[in-house]
Amino acid sequence: MAHLRLLLSHSSRHHPQPHRLISLLHFSSNTGSGSGSGPTPPPIKPVSYAPKPQPAPEEAPAAAEEAAPSDDPGSRPPPPPRRSQGPPQRQQWTREEMRFVKDAGPSITPVSYPARVAPLPEDRPAEEAPPEGPADEGLRGEGERIEMDATRARRSFFGMQAEEEQAPYPTLIPVEKRPQKVAIDLVDAIREIKTSANEKKRNFTETVEAHVMLGVDPRRGDQMVRGALTLPHGTGKTVRVAVFAEGPAADEARAAGADVVGGDELIEEIRTGGGKLSFDKCIATPMYMPRLSKVARILGPRGLMPNPKLGSVTNDVSGAVKAAKSGRVDFKIDKTAIVHVGLGKINFSDENLRENIGAFVHALLLAKPVGLKKTSKYVGYVKKFTLSSTMGPGFPVTIPSLSAAADHYNNSKVQAS
């Protein structure tokens with residue numbers, strides 16, 4: 001404490017104003033002595049002063065000059081802060097200090113630009129146009145439109161003007177479905193076929209064809225439909241028959257009217273002939289079936305391969321040749337469950353065509369699959385029966401008329417036997 005008093009006395013001698021730590025020293029000394037038996041300091045009474053009147057801005061410098069400085073250093077007011085005459089020097093901050101100083105960087109004054117608004121049509125000045133009549137204005141507009149259309153239609157290719165074709169805009173064309181033909185009686189269908197064939201004069205005699213849609217699944221082996229029959233009045237065309245036999249069977253075939261008869265030499269001729277065949281039917285004896293494997297790829301796709309189910313593989317060569325010459329027809333279902341077969345010529349009589357059709361329907365019923373169980377022999381099996389000529393339109397036939405023709409053929413066959 002003595003050292004502190006000595007320091008304060010030394011500073012008061014050299015400094016005109018009393019030091020601020022004197023009051024603190026008195027307070028600390030009184031506090032320290034208050035713990036003992038020393039006297040208690042008197043209470044401090046607050047003193048209030050009247051507010052000092054503020055001079056006018058013009059009188060402030062004069063009042064400052066009139067105030068004379070007193071010799072007492074304690075009564076002198078603190079000197080006013082000095083203002084620098086030059087521009088204020090910006091304090092340089094380091095990067096580390098910038099992190100702790102707010103708004104240390106240069107302030108940027110925002111700049112606002114006037115908003116640009118497009119002029120409305122009514123704000124624009126109206127252009128004065130020369131007065132024109134209504135007729136002249138219409139003609140001028142029409143001329144400009146024609147000129148623009150002509151300019152668009154012309155194109156330049158290598159410096160040459162080319163006219164562009166005006167293609168119509170694509171539109172959807174509704175598909176018009178043909179009306180379904182109504183099924184007619186068998187006799188009426190035969191008459192319609194002959195009438196349409198006579199109207200269109202052909203250079204050949206057309207064949208009457210039957211197209212039958214069946215209600216079976218051709219992908220299943222137990223529903224395969226195939227068969228053969230001999231038409232009562234023939235097919236109306238000359239059939240060339242080839243027989244693969246030797247010895248007495250070959251002589252028997254020649255006597256029955258076979259066109260081509262041969263054995264191994266005939267097989268070799270077919271294999272090396274380049275696909276050219278001179279016959280329409282093939283008949284073979286059972287002993288020649290293994291040898292026909294060499295030409296199976298040629299005869300099979302054309303439907304000429306002999307088959308025991310169709311009666312073309314037999315030892316009765318004479319009867320097979322006569323049946324083929326008289327009009328034997330083979331039929332088989334295709335992959336679309338339809339049977340196509342020719343049943344005569346257009347120059348046959350109506351009764352002969354009716355009997356041939358009845359024989360085919362009877363054979364078709366005999367070839368009905370066993371696994372196809374229906375309540376009727378026609379319902380569910382024969383869906384649609386259509387007759388047509390080679391190049392003529394088709395005519396659907398009613399099922400009752402077909403059933404009557406098949407029954408008539410079956411009765412005549414029974415009576416003949």
Side-chain angles (χ1 to χ4, degrees), residues 204-212 214 218 221 224-231 233-247 249-345 356 359-360 363-364 366-367 390:
F204 62 96
T205 304
E206 297 186 53
T207 301
V208 177
E209 301 176 354
H211 308 276
V212 189
L214 302 179
M224 181 60 63
V225 178
R226 67 184 307 171
L229 75 152
T230 301
L231 296 177
H233 302 282
T235 58
K237 61 180 180 180
T238 304
V239 181
R240 296 170 296 177
V241 181
V243 179
F244 295 92
E246 61 182 5
D251 299 336
E252 187 179 351
R254 291 188 184 95
D259 298 285
V260 180
V261 180
D264 296 337
E265 68 280 0
L266 180 59
I267 295 175
E268 189 65 22
E269 180 182 352
I270 295 173
R271 190 176 66 84
T272 59
K276 294 182 180 180
L277 303 177
S278 59
F279 49 85
D280 303 321
K281 296 286 183 178
C282 287
I283 299 173
T285 57
M287 63 174 297
Y288 265 93
M289 286 302 296
R291 305 180 189 181
L292 291 179
S293 61
K294 299 179 181 179
V295 292
R297 293 185 177 180
I298 300 175
L299 300 179
R302 304 185 184 189
L304 300 177
M305 190 68 180
N307 192 339
K309 297 181 179 180
L310 300 179
S312 55
V313 179
T314 177
N315 289 321
D316 187 9
V317 180
S318 177
V321 172
K322 290 180 181 180
K325 285 286 186 177
S326 62
R328 186 176 181 85
V329 177
D330 301 333
F331 61 89
K332 180 181 178 183
I333 190 173
D334 61 2
K335 61 181 180 180
T336 59
I338 299 177
V339 176
H340 309 274
V341 64
L343 300 177
K345 292 294 183 178
N356 283 355
F360 167 68
L364 192 64
L366 294 178
T390 304

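Atom set for the values below is all heavy atoms of this structure, side chains included, hydrogens, waters and symmetry mates excluded.
Between the S312 side chain and the N307 main chain, a donor and an acceptor come within less than 3.5 Å of each other. In terms of modelled atom types and a separation under 3.5 Å, the side chain of N356 and the main chain of L231 share no donor-acceptor contact.
No more than 12 heavy-atom neighbours from other residues, nucleotides or ligands sit within 6.0 angstrom of CD on E269.
Between A320 and T314, the shortest heavy-atom distance links the atoms CB-CG2, 3.8 Å. The two atoms that bring M287 and P290 nearest to each other are O-CD, 3.6 Å, heavy atoms only. Closest of all the heavy-atom pairs between T207 and G342 is CG2-CA, 4.2 Å. Here the closest non-hydrogen pair linking A228 and F331 is N-CE2, 3.7 Å. In terms of heavy atoms, L292 sits closest to A284 at CD1-CB, 4.0 Å. Between M289 and P306 the shortest heavy-atom distance is CE-O, 3.8 Å.
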Stepwise side-chain contact (heavy atoms from CB on, under 4.5 Å) check, S318 with D316:
CA-CA 6 Å; S318 177; D316 187 9; 4.2 Å; yes
Mind running side-chain contact (heavy atoms from CB on, under 4.5 Å) on K345 and K237 for me, showing each step along the way?
CA-CA 8 Å; K345 292 294 183 178; K237 61 180 180 180; 4.2 Å; yes
Test side-chain contact (heavy atoms from CB on, under 4.5 Å) applied to L299 and L277, step by step
CA-CA 9 Å; L299 300 179; L277 303 177; 4.1 Å; yes
Working for side-chain contact (heavy atoms from CB on, under 4.5 Å), residues T390 and E209:
CA-CA 7 Å; T390 304; E209 301 176 354; 4.0 Å; yes
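L266 contributes atom CG, which lies 8.0 Å from atom OG of S278 (distance to the nearest 0.5 angstrom). The distance from the CG atom of D264 to the NZ atom of K294 is 6.5 Å, given to the nearest 0.5 Å. Atoms CG and CG, on L364 and L214 in that order, are 5.5 Å from each other to the nearest 0.5 Å. Expressed to the nearest 0.5 Å, how far CD1 of I270 lies from CD of E265 amounts to 10.5 Å. I298 CD1 to R271 CZ: the interatomic distance, rounded to the nearest 0.5 Å, is 8.5 Å.
The pair D259-K325 meets the salt-bridge criterion, since a charged nitrogen lies less than 4.0 angstrom from a carboxylate oxygen.
At a threshold of 4.5 Å between non-hydrogen side-chain atoms, the residues F360 and V329 do not count as touching.
Screening residues 272-286 for salt bridge (charged side-chain N to carboxylate O under 4.0 Å, His left out) gives R240-D280, K281-D330 as the qualifying pairs, with residues at least two apart or on separate chains.
With no hydrogens or angles considered, a side-chain donor-acceptor pair links T336 and D334 at under 3.5 Å.
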